[in-house]
Amino acid sequence: MLWVGGVAGGRVVSRREDIPERATGTRGDPAGTSQDFAELRRTTQNMENTVDHTPLSSLSGRTAVVTGAASGMGAATARLLAAHGARVALLARREDRLKELAAEIERDGGRAIAVAVDVTDQASVDAGAARVHAELGAGDLVVNAAGVMLPNPIDDGRADEWTRMIDTNVTGALRIIRAFTADLVAAAARGAAADLVNISSIGAHALFPGYAVYAATKAALTHLSASLRTEFGPRDVRVTNIEPGLTDTELASHVDNPALGEEGQLGEMFDALGSLSADEIADLVAYVTSRPRHVNLRQIVVLPTRQA
């Protein structure tokens, strides 16, 4: 079976055997091109009618668990999933912000609960998962968006920052995965879509001085995502790893080194390259989780156009 990468009238042409053979020419059309094109157009139109484009409405009725939902990508993702009919559990440490977002979602006709959880604390994660199960039921869409970025030169020896980044960006993600793995596997077993989405970073690949430990945590999350596909994929649970480049969130405000933060290197990069918005990352999450359940977009790198 040979696949052809051509396009007819903006429509992708599929298999070679689906394309009619060249018709015999006529006096007005010696090469038979008009008849060929008409038959090809009918064929591709028929093929288009059988394609499931899976609108975002397929998110309706799903139960999503979103960490880092107090701000940035997590909040934007929760808001968008709820807008398309998902029930959303909002997980983060700042309960006041979660309650505000839950109230906003409810006012807009959605369903959301605010669940104060510290992903660096196993007991907190266990209690949060129990509450999600009690109020919303089993989760079939889990988004690990909680993360912290604390760059500093390695010779500063900031072990406090290293521990916080590792506990949040890697171990915290693992705690959430552990808490909802059984839910995802059960959803897939009954024929429903089941998704684990990890928000990593282009820092998993790009090298910047002062970001060694942060980059290491994101590289670990990226590799974890790929490895988990070998365990989850055979059970029909999709795993997607998203690596955003420069994105406008509050992470930059957490940097305590002026030379590296918003007034220094990071600010200069934003000025020169521009940035993505949290809403644009949320849009990607909604897209990948609304595909047909046999389609897994496993790795997405998304950058501002000017970022190399």
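Side-chain heavy atoms closer than 4.5 Å link hydrophobic residues (I, L, V, M, F, W, Y) into clusters, and following such links, possibly through other members, connects Ile199 to Leu141. Residues Leu221 and Ile242 do not share a hydrophobic cluster, defined by chaining ILVMFWY side chains whose heavy atoms lie under 4.5 Å apart. Hydrophobic clustering, with ILVMFWY side chains joined whenever heavy atoms are under 4.5 angstrom apart, keeps Leu80 apart from Met73. In the hydrophobic clustering of this structure, Val239 groups with Leu184; members are Ile, Leu, Val, Met, Phe, Trp, Tyr whose side-chain heavy atoms approach within less than 4.5 Å, directly or through other members.
Thr305 has its side chain out of reach of Leu273: every pair of non-hydrogen atoms, C-beta onward, lies at least 4.5 Å apart. Using a 4.5 Å heavy-atom cutoff, the side chains of Ser57 and His84 are not in contact. Taking the side chain as every heavy atom from C-beta outward, Val117 and Arg93 never approach each other to under 4.5 Å. Annotation: side chain of Val142 is in contact with side chain of Ile176 (closest heavy-atom distance under 4.5 Å). Side-chain contact between Thr171 and Thr120 is absent, with no heavy atoms from C-beta onward closer than 4.5 Å. A heavy-atom distance below 4.5 Å is found between the side chains of Pro153 and Asn257. The side-chain heavy atoms of Val115 and Leu90, taken from C-beta on, include no pair separated by under 4.5 Å. Within the 4.5 Å cutoff, no side-chain heavy atoms of Leu98 are placed close to those of Leu91.
In the model, His133 has a side-chain atom that pairs as donor or acceptor with a side-chain atom of Asp183 under 3.5 Å. Side chains of Thr222 and Ser200: a donor on one and an acceptor on the other come within 3.5 Å. Judged purely by distance below 3.5 Å, without hydrogens or angles, the side chains of Asn241 and Ser225 pair a donor atom with an acceptor atom. A donor-acceptor contact closer than 3.5 angstrom links the side chains of Thr217 and Asn169. No hydrogens or angles considered: nothing links the side chains of Asn296 and Arg291 as a donor-acceptor pair under 3.5 Å. Checked by atom type, the side-chain pair Asp195/Thr289 shows no donor-acceptor distance below 3.5 Å.
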Compile the donor-acceptor pairs under 3.5 Å between side chains in residues 205-213 and protein atoms, sequence neighbours left out, one pair per line.
residue : atom : partner : partner atom : Å
His205  : NE2  : Glu243  : OE1          : 2.9
His205  : NE2  : Glu243  : OE2          : 3.1

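Every residue two or more places apart in sequence or in another chain was checked for a side-chain hydrogen bond (donor to acceptor under 3.5 Å, both in side chains) with Arg164, and none qualifies.
A cation-pi arrangement, defined by a distance under 6.0 Å to the six-membered ring centre and an angle within 45 degrees of its axis, is absent between Arg178 and Phe180.
For Arg62 (side chain) and Asp140 (main-chain N/O), a donor-acceptor pair under 3.5 Å exists by modelled atom type. Distance alone, capped at 3.5 Å, is enough to place a donor-acceptor pair between the Arg293 side chain and the Ala192 backbone. Asp121 places a side-chain N or O within 3.5 Å of a backbone atom of Ala123 that can act as its donor or acceptor partner. In this structure a side-chain-to-backbone donor-acceptor pair under 3.5 Å is missing from Gln307 to Gly245. Between the Thr67 side chain and the Ala146 main chain, a donor and an acceptor come within less than 3.5 Å of each other. Between the Ser124 side chain and the Asp118 main chain, a donor and an acceptor come within less than 3.5 Å of each other.
Between Glu161 atom CD and Asn152 atom CG the span is 4.5 Å, to the nearest 0.5 Å. Atom CG of Leu228 sits about 10.0 Å away from atom NE2 of His223, to the nearest 0.5 Å. Interatomic distance, Leu224 CG to Asn144 CG, rounded to the nearest 0.5 Å: 9.0 Å. Distance OH/Tyr214 to CE/Met165: 9.5 Å, rounded to 0.5 Å. Note: Ser277 OG to Asp283 CG = 9.0 Å, rounded to the nearest 0.5 Å. Rounding to the nearest 0.5 Å places CD of Glu250 at 11.0 Å from CE of Met149.
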### Task
Please test Leu196 against Ile177 for side-chain contact (heavy atoms from CB on, under 4.5 Å), starting from the C-alpha separation and ending with a verdict.
CA-CA 8 Å; Leu196 169 63; Ile177 293 167; 4.0 Å; yes
### Task
Evaluate the salt bridge (charged side-chain N to carboxylate O under 4.0 Å, His left out) criterion for residues Arg79 and Glu100: first the C-alpha distance (whole Å), next the side-chain angles of each, then the deciding distance (0.1 Å), finally the verdict.
CA-CA 12 Å; Arg79 191 179 290 113; Glu100 289 176 6; over 6 Å; no
### Message
Using side-chain contact (heavy atoms from CB on, under 4.5 Å), reason through Leu284 and Val302 one step at a time and then give a plain yes or no.
### Response
CA-CA 9 Å; Leu284 279 179; Val302 54; 3.6 Å; yes
#### Entry: Trace of the side-chain contact (heavy atoms from CB on, under 4.5 Å) decision for Val88 with Val66
CA-CA 7 Å; Val88 184; Val66 182; 4.1 Å; yes
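A salt bridge links Arg158 with Asp160: at least one charged nitrogen is closer than 4.0 Å to a carboxylate oxygen. Arg175 and Asp126 are not joined by a salt bridge, as no carboxylate oxygen comes within less than 4.0 angstrom of a charged side-chain nitrogen. Between Glu106 and Arg87 there is no salt bridge, since none of the side-chain N atoms of the basic residue sits less than 4.0 Å from a carboxylate O of the acidic one.
For CZ of Arg306, the number of neighbouring non-hydrogen atoms (other residues, nucleotides, ligands) closer than 6.0 Å is 12 at most. Annotation for Arg131: atom CZ counts as buried by contact number, over 12 foreign heavy atoms lying within 6.0 Å.
Residue Ser71 comes nearest to Arg97 through the heavy atom pair CB-NH1, 3.6 Å, listed as atom of the first residue, atom of the second, then distance. The minimum heavy-atom distance linking Ala75 with Ala70 is given by the pair CB-C, 4.2 Å. Residue Arg298 comes nearest to Ala226 through the heavy atom pair NH2-CB, 3.5 Å, listed as atom of the first residue, atom of the second, then distance. Contact record, Ala89 with Leu136: N-CD1, 3.8 Å, taken as the closest heavy-atom pair. For the residue pair Ala188 and Arg235, the shortest heavy atom distance occurs at CB-O, 3.2 Å. Here the closest non-hydrogen pair linking Gly74 and Ala145 is CA-CB, 3.8 Å.
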